[in-house]
Amino acid sequence: MEKHTGTEDESNPNARTIEVLKQMMDYYDRTNEHWKTIAYRKAIAALKKRTRKITTKEEALAIPFIGSRLAGKIEEIVFTNRLRRLENTNFDSADIALQLFLKIYGVGHSQASLWINQGHRTLNDLLTKATLTTNQKIGIEHIDDFATRIPRDEVEHHGRIVRNAIHKEDPAIEITIGGSCRRGAPDSGDVDFIITKPDASMETLRTIILDTVIPSLFQHHYLRHALASSTARSDGSKWHGCATLPGSKIWHRIDFLLVPHAEMGAALIYFTGNDIFNRSIRLLASRKGMRLNQRGLWTDVLRGGKRERMTQGALLESRDERKIFGLLGVPWRPPEHRVC
DNA sequence: ACTCAGCTCGG
DNA sequence: CCGAGC
DNA sequence: GAGT
C-alpha cells in the first residue's frame, strides 16, 4: 500500500540484476510456474526500490520478498554477470513455439502445450492442421493487431464512437473508460468501457447495450467480432469483442462491462487495476476480515473445509470508490497512482 | 503444509 | 467442470 | 519462490 512515486530510476544501480531476474521470471511465466513468476515479480519490485547496489547474498536476504534462493542468484549475477540456471534453459523450437502460441488471444499454457505436443510449431501449422475454436482462429488471424498498442488519442476516439452510439439510444447511460487509460497511461493494450445507468435495472441496461447499441455498432463497421458475451443463462454483464477505428485495418480488443449503478465504486476499482494493485488491495481486505470483489466490499464470509465460500457476508460499501478505500484504512489513491 | 484475489465466460 | 481472461 |  505504499504510494508509487513514479520515479522509475533508469539508472538504478541494480539494473543489470533486475534485467537478468526478469529473464528468469519470463522463463517461469511461459513454463507455467505461476507462483515462482509472482515471487520473481515481488523480488524485482523490491529491488527496484533500492538506491544502492546489492552485491552480496546477505544484503539481498535482508530485503523483504527476497529469500535465500533469490539472494544466491542475485550474488551470482553481480559476481559473474550471468545466471547459470537461465543459460540451462533450452531455447529450442518447442520453447520458441510456446512463446508464439501464448501470444494468441484465448490460448493459455494448457492449449499451447497441447499443440506443441502434437508437433505444431508455427501459426500456419495451427491454421492447417489443428482443430481451432472460432475465437482461436480470430486470435491467430489478428495476433499482430491485438499486440499493437493503442495511443491515448485513439483510445479517446473509441470513447467518442461508443459514447455517441450509446447516447443516441439513451443519454442517461454513463460511460467510463477504465483500465490503463484511466490510470493515465500514454497507450493501452485494449479499451474497457464501464457502463452504468442510474436508477435502471441491469436487465434494462443489458437490453439496450446488447440488443440495440452493439448491433448498431456492427452495422457501422466499428465492431468486427464478438469474443465473449453475457448469455441469458448467466447474470453476466460483459461483452468482449473487437473493433476498428474508421479508416484503420487494425483490430483492437474492446470490452463493455455493464455495472449496476450501486456497484460503481467497486467496479471502478476492479476495472481500473492495475492487476497487481487489485491483488494487493484484495489481500489487504482479506487480512482485515473483509472481502473485496468487483461488486463491493464485504464482511468476511464463512468458508467450508476446503476453503469454498459458504456465505456471501454482508455488504459494507460498493457505490463509492473513496469509501471503500476508507473502510480498508487505505489513503485515497487516484487512478494514476495505482501502478504497482 | 499451506497461501499467494476472485470472478465470469466458452467449450 | 476446466481453462482462460480480466 | 517467499512468508507464515
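Everything numeric in this text was worked out from a predicted model, so none of it was measured. So that the names make sense, note that chain A is the first sequence line, chain B the second, and so on, each numbered from 1.
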Partner of A/I194 under side-chain contact (heavy atoms from CB on, under 4.5 Å), chosen from A/I177, A/L268, A/D255: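 Going through the options one by one, the only one that passes is A/L268.
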Any N or O donor-acceptor pair under 3.5 Å from the base of B/dG6 to the side chain of A/Y270?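 Counting by modelled atom types and ignoring angles, a donor-acceptor contact under 3.5 Å is found here.
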At under 4.0 Å, does any side-chain N or O of [X] touch on OP1 or OP2 of [N]?
X	N	answer
A/R69	D/dG1	yes
A/K42	D/dG3	no
A/Y28	D/dG1	yes
A/R253	C/dC6	yes

At under 4.0 Å between heavy atoms, what does [X] touch on the DNA or RNA strands: base, sugar-phosphate, or nothing?
X	result
A/E33	nothing
A/H34	nothing
A/R41	nothing
A/R279	base
A/L283	sugar-phosphate
A/L257	nothing

Do the charged groups of A/K129 and A/D125 touch, with an N to O distance under 4.0 Å?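 Looking at A/D125 together with A/K129, the answer is yes, because their closest N to O distance falls below 4.0 Å.
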Going by an N to O cut-off under 4.0 Å, is there a salt bridge joining A/K22 and A/D26?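 Salt bridge: yes.
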Rounding to a whole Å, what distance do you find between [X]:[atom1] and [N]:[atom2]?
X	N	atom1	atom2	answer
A/L284	B/dC4	CG	C1'	14 Å
A/F65	B/dT3	CZ	P	18 Å
A/H240	C/dC6	NE2	P	6 Å

Taking for each residue the nucleotide of DNA chain B with the nearest heavy atom, is it A/N135 or A/W35 whose nucleotide lies nearer the 5' end?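 So the residue in question is A/W35.
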Could you check A/T134 against A/Q294 and say which one's nearest nucleotide on DNA chain B is further toward the 5' end?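 Residue closer to the 5' terminus by nearest nucleotide: A/Q294.
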Could you tell me how far D/dG1 sits from B/dT8 if I compare only their P atoms? Round to whole Å.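 Taking atom P in both B/dT8 and D/dG1, they lie 34 Å apart.
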Taking B/dT3 as the reference, what is the distance to C/dC6 when you measure between their P atoms (whole Å, please)?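 Approximately 27 Å lies between the P atom of C/dC6 and that of B/dT3.
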Modelled atom types, side-chain donor and acceptor of A/R319 and A/H261, under 3.5 Å: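 A/R319 vs A/H261: donor-acceptor pair found between side chains.
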Nearest to the side chain of [X], heavy atoms from C-beta on, is which of [options]?
X	options	value
A/N293	D/dG1, B/dC9, B/dG6	B/dG6
A/Q111	C/dA4, C/dG5, D/dG1	C/dA4
A/R282	D/dG3, B/dT8, B/dA5	B/dA5

Tell me, please, whether A/W332 has A/R338 positioned over its six-membered ring: NZ or CZ under 6.0 Å from the ring centre and within 45 degrees of its axis?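 Verdict for A/W332: a cation-pi partner in A/R338.
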